[in-house]
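A short write-up of the structure that comes next.
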Amino acid sequence: MNTLARLTLAWLLVAGAAQAQLPSADELAMAVRATAVQARQAGLALQEGALWRIALHHRTPLVAAHVQGICHLGYSAYTPGRDYRWLFPTLTPALRARWMAGVVHHELAHCAEQADATSGADPPAGSAGLQGPRQQEVLADLAFALHVDAAHDDDGAALVGQLAHLRTVFAAQDPSHDTAAALRCYLQQRGQFRPAGAWLAQLQAWRQRCGPVD
């Protein structure tokens, strides 16, 4: 990507944050479809809409929970007292679709970790101290990063950098989601560290690499 293209992308990211809007039903459905491979690897079926009342109650746009092999995804456009439009930058259509799919991968990662915790399997070696709320968000944001940066291109790196920036901006009011250090670690090592294994195992390996941020 040349200098002009980089500047254009940077402007789109900044403008997108300023003009952000919540996703449409079609955007959300497309993003859910983009998680099909990872859901199968985690042994999960993803169902949308079942938890929208819980999302509304917690005043959050998206919430996910694992129940008997199903990852229930709830979405509410109504978040009284809190404005979450920043989480859904406008961007260009292609980049917005990539971002939205990354957000749903974030939620699926929560389900996958919940399912793994109830499976009775031994935790990965070296994972002690990586199970608190903030570390759960680190794993989920690394799922976002791995998806949006799957092509290892400049656009993917810019989207991960944008999320790191947003996590920093909102860190004081939402410290459990302050994953910026882990995302920056990902950006520094994305061309060097390529863990093997299934999707959740890769996320856990990345968290062991970049997650001890507390």
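Along the sequence shown, residues carry numbers from 1. Only this structure's heavy atoms are used, side chains among them; waters, hydrogens and symmetry mates stay out.
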Co-membership, hydrophobic cluster, residues [X] and [Y], 4.5 Å side-chain:
X      : Y      : result
Leu159 : Phe170 : yes
Val67  : Leu200 : no
Leu91  : Val169 : yes

For residues [X] and [Y], report the shortest heavy-atom separation together with the two atoms involved.
X      : Y      : result
Phe144 : Gly102 : CD1-C, 3.3 Å
Val138 : Gly211 : CG1-CA, 3.9 Å
Leu203 : Ala109 : CD1-CB, 4.0 Å
Ala64  : Leu73  : CB-CD1, 4.4 Å
Cys71  : Leu44  : CB-CD1, 4.3 Å
Ala145 : Leu183 : CB-CD2, 4.2 Å

Does Arg209 reach the main-chain N or O of Phe193 with its side chain, forming a donor-acceptor pair under 3.5 Å?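 No: the side chain of Arg209 does not pair with the backbone of Phe193.
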
With a 4.5 Å heavy-atom cut-off, do [X] and [Y] have their side chains touching?
X      : Y      : answer
Leu46  : Val104 : yes
Thr118 : His66  : yes
Gln41  : Gln202 : no
Gln136 : Leu139 : no
Leu163 : Asp141 : yes

Rounded to the nearest 0.5 Å, what separates atom [atom1] in [X] from atom [atom2] in [Y]?
X      : Y      : atom1 : atom2 : result
Thr179 : Arg184 : OG1   : CZ    : 9.0 Å
Arg134 : Asp174 : CZ    : CG    : 10.5 Å
Gln38  : Leu108 : CD    : CG    : 7.5 Å
Leu87  : His177 : CG    : NE2   : 8.5 Å

Could you walk me through whether Leu95 and Gln162 pass the side chain to side chain contact (heavy atoms under 4.5 Å, CB included) check? CA-CA 12 Å; Leu95 290 180; Gln162 174 71 354; over 6 Å; no

Answer yes when Arg207 and Glu137 have at least one side-chain N-carboxylate O distance shorter than 4.0 Å, and no when they do not.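 No, this pair does not count.
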
State plainly whether the residues Asp153 and Arg98 are in salt-bridge range, i.e. N to O under 4.0 Å. yes

Does Trp199 form a side chain to side chain contact (heavy atoms under 4.5 Å, CB included) with His105? I'd like the steps, not just the answer. CA-CA 11 Å; Trp199 179 61; His105 276 78; 4.2 Å; yes

Go through Arg194 and His152 one step at a time and tell me if the side chain to side chain contact (heavy atoms under 4.5 Å, CB included) criterion holds. CA-CA 12 Å; Arg194 300 288 179 85; His152 297 287; 3.8 Å; yes

Can you name the ring-ring contact (aromatic ring centres under 6.0 Å, His included) partners of His110, sequence neighbours left out?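 Only His106 meet the ring-ring contact (aromatic ring centres under 6.0 Å, His included) criterion with His110.
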
Do Trp99 and Phe88 have their ring centres less than 6.0 Å from each other?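 Aromatic pair excluded; centres sit 6.0 Å or further apart.
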
Can Tyr186 and Asp149 be counted as having a side-chain donor-acceptor contact under 3.5 angstrom?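 On atom types as modelled, these side chains qualify, holding a pair under 3.5 Å.
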
Atom pairs and distances, side-chain donor-acceptor, residues 22-32, under 3.5 Å, sequence neighbours left out:
unit_1 : atom_1 : unit_2 : atom_2 : d
Ser24  : OG     : Glu27  : N      : 3.1
Glu27  : OE1    : Ser24  : N      : 3.0
Glu27  : OE1    : Arg96  : NH2    : 2.9
Glu27  : OE2    : Arg96  : NE     : 2.7

